[in-house]
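Right, one structure below, let's go through it.
Residue numbers start at 1 and run along the sequence shown.
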Amino acid sequence: TTATLTYTIENHVHDWEFEASGAVITATCQNTGCNLGGSGKVTLVKPEDLVYNGKEKTVDYTVTEGYEDVFGEVKIQCTGNCIDVGTYVASYIFNENTIATVSFTITPRTIIITDIEGLERVYDGTTKVDLSTATKVVYTNGIDGKPLEFDLSKAIATADNANVGAGILVTLDGNITVKGDEKNNY
């Protein structure tokens, strides 16, 4: 005996609803019986290392598995150059009404001054050292290819003693700042 079974397969057509909240856009199919079940998300992920390094910080994203085609190609735009110290906003504009954003702040890089070369001191009976004779500031933790210039005008240098001699320890107090184009990044 042979039995014939007849059935109809109906093609499910998605009816997407999108909602943005902060760094996340959620897609939910409004049709019942959707084979994807639930909802999918695209989430913007801010950079992990937010200390200035002279390179552009990029925002990444994650997409719920199975929803890659729903969101299509994700293009993230960042305000400003996303390189220098400051606060930036990155956006994924899905459509004119659905925009995910994430903000992040690039913080200054810390440098360590290890020596100031070329200091000369004329004996005057005090421990004061004039920093204007400095010929070079030696530092670590800078960025290769980006030499820094320093403003020593607000720093106070004091010699360990008032005697004449070489190799006398000099202590710095006050504020040594970077000057020029890189001044805000350190």
Side-chain angles (χ1 to χ4, degrees), residues 14-31 34-117 131 134 136-155 171-186:
H14 294 292
D15 179 18
W16 295 112
E17 181 176 280
F18 298 93
E19 182 180 344
S21 177
V24 179
I25 295 177
T26 304
T28 307
C29 181
Q30 300 302 302
N31 285 340
C34 179
N35 60 349
L36 286 176
S39 57
K41 298 178 181 184
V42 61
T43 304
L44 300 182
V45 181
K46 65 183 175 181
E48 288 184 24
D49 177 13
L50 291 173
V51 175
Y52 172 74
N53 65 2
K55 298 176 183 170
E56 183 177 13
K57 304 290 184 185
T58 57
V59 171
D60 202 1
Y61 66 92
T62 61
V63 178
T64 304
E65 187 175 334
Y67 283 80
E68 295 85 353
D69 292 339
V70 174
F71 292 103
E73 183 181 359
V74 177
K75 292 182 181 176
I76 300 171
Q77 301 170 352
C78 189
T79 59
N81 65 15
C82 296
I83 296 172
D84 294 320
V85 167
T87 299
Y88 299 93
V89 176
S91 303
Y92 165 48
I93 303 171
F94 180 73
N95 62 41
E96 63 185 49
N97 298 318
T98 313
I99 303 170
T101 61
V102 65
S103 64
F104 60 95
T105 301
I106 299 173
T107 59
R109 183 177 195 87
T110 300
I111 54 171
I112 300 165
I113 295 176
T114 58
D115 194 10
I116 298 179
E117 297 177 357
L131 292 173
K136 181 178 180 182
V137 175
V138 181
Y139 58 93
T140 62
N141 203 33
I143 296 174
D144 290 340
K146 290 193 171 204
L148 300 175
E149 294 181 52
F150 295 90
D151 178 2
L152 304 174
S153 65
K154 294 180 183 162
T171 304
L172 293 173
D173 289 321
N175 194 10
I176 297 175
T177 57
V178 175
K179 61 182 183 178
D181 292 342
E182 291 292 313
K183 68 182 178 185
N184 296 322
N185 292 322
Y186 293 89

Establish, yes or no, whether a centroid distance under 6.0 Å links the rings of Trp16 and Phe71. no
Counting heavy atoms not belonging to Glu65, are there more than 12 under 6.0 Å from its CD? no
Side-chain heavy-atom pair Thr62, Val42 within 4.5 angstrom cut-off: no
Would you say CD of Glu56 has more than 12 non-hydrogen atoms from neighbouring residues, nucleotides or ligands within 6.0 angstrom? yes
Would a line drawn from the ring center of Tyr61 to the ring center of Tyr92 be shorter than 6.0 Å? no
What one should report as the nearest heavy-atom pair of Arg109 and Asn53 is NH1-CA, 3.9 Å
Heavy-atom pair of closest approach, residues Leu152 and Ile176: CD2-CG2, 3.6 Å
Just checking Asn95: does its CG atom have more than 12 heavy atoms from other residues, nucleotides or ligands closer to it than 6.0 angstrom? yes
Output side-chain donor-acceptor pairs under 3.5 Å for residues 75-83, partner residues at least two apart or in another chain, one line each.
| residue | atom | partner | partner atom | Å |
| --- | --- | --- | --- | --- |
| Thr79 | OG1 | Val89 | N | 3.1 |
| Thr79 | OG1 | Val89 | O | 3.4 |
| Asn81 | OD1 | Ile83 | N | 2.8 |
| Asn81 | OD1 | Asp84 | N | 3.3 |
| Asn81 | OD1 | Tyr88 | OH | 3.1 |
| Asn81 | ND2 | Asp84 | OD2 | 3.0 |

Heavy atoms of Ala20 and Thr98 approach each other most closely as CB-CG2, 3.9 Å
Could you give me the CA-CA distance, side-chain angles and deciding distance for Val74 and Phe94, then say whether side chain to side chain contact (heavy atoms under 4.5 Å, CB included) is met? CA-CA 8 Å; Val74 177; Phe94 180 73; over 6 Å; no
No-hydrogen, no-angle side-chain donor-acceptor test under 3.5 Å, Ser153 and Asp151: yes
Evaluate the side-chain proximity of Glu68 to Val70: yes if any heavy-atom separation is below 4.5 Å, no if none is. no
Within the structure provided, determine whether Phe18 and Asn97 are in side-chain contact (heavy-atom separation under 4.5 Å). no
If you take all heavy atoms of Ile25 and Ala100, which pair is closest and at what distance? CG1-CB, 3.6 Å
Would you compute the distance between atom NZ of Lys154 and atom CG of Leu131 and round it to the nearest 0.5 angstrom? 14.0 Å
Taking atom CG as the centre, does Asp181 end up with more than 12 heavy-atom neighbours from other residues, nucleotides or ligands that are less than 6.0 angstrom away? no
What do the steps show when you test Val138 against Lys136 for side chain to side chain contact (heavy atoms under 4.5 Å, CB included), and what is the final call? CA-CA 6 Å; Val138 181; Lys136 181 178 180 182; 4.2 Å; yes
Nearest-0.5 Å distance, NZ of residue Lys57 to NZ of residue Lys55: 9.0 Å
With the side chain counted from C-beta on, respond yes when Val85 and Tyr186 share a heavy-atom pair under 4.5 Å apart, and no when they do not. no
Are Lys41 and Tyr67 close enough that some pair of their side-chain heavy atoms sits under 4.5 Å apart? no
Look up atom CG in Asp69 and atom NE2 in His14, then write down how far apart they are to the nearest 0.5 Å. 9.5 Å
Does any donor atom in the side chain of Thr26 or Ser39 lie under 3.5 Å from an acceptor atom in the other side chain? no
Could you give the distance from CD (Glu149) to NZ (Lys179), rounded to the nearest 0.5 Å? 5.5 Å
Side chains of Asn185 and Ile106 in contact at under 4.5 Å (non-hydrogen atoms): no
Test item: Tyr52 and Ile143 side chains (from C-beta on) under 4.5 Å apart, heavy atoms: yes
Distance-only check: which donor-acceptor pairs under 3.5 Å involve side-chain atoms of residues 44-51, not counting sequence neighbours?
| residue | atom | partner | partner atom | Å |
| --- | --- | --- | --- | --- |
| Asp49 | OD1 | Val51 | N | 3.2 |

Could you grab the distance from atom CG of Asn141 to atom CD1 of Ile112, nearest 0.5 Å is fine? 6.0 Å
Just wondering, do Ile116 and Leu172 contact through their side chains at under 4.5 Å, heavy atoms? yes
List the atom of Tyr139, the atom of Lys146, and the distance in Å for their closest heavy-atom pair. OH-O, 4.1 Å
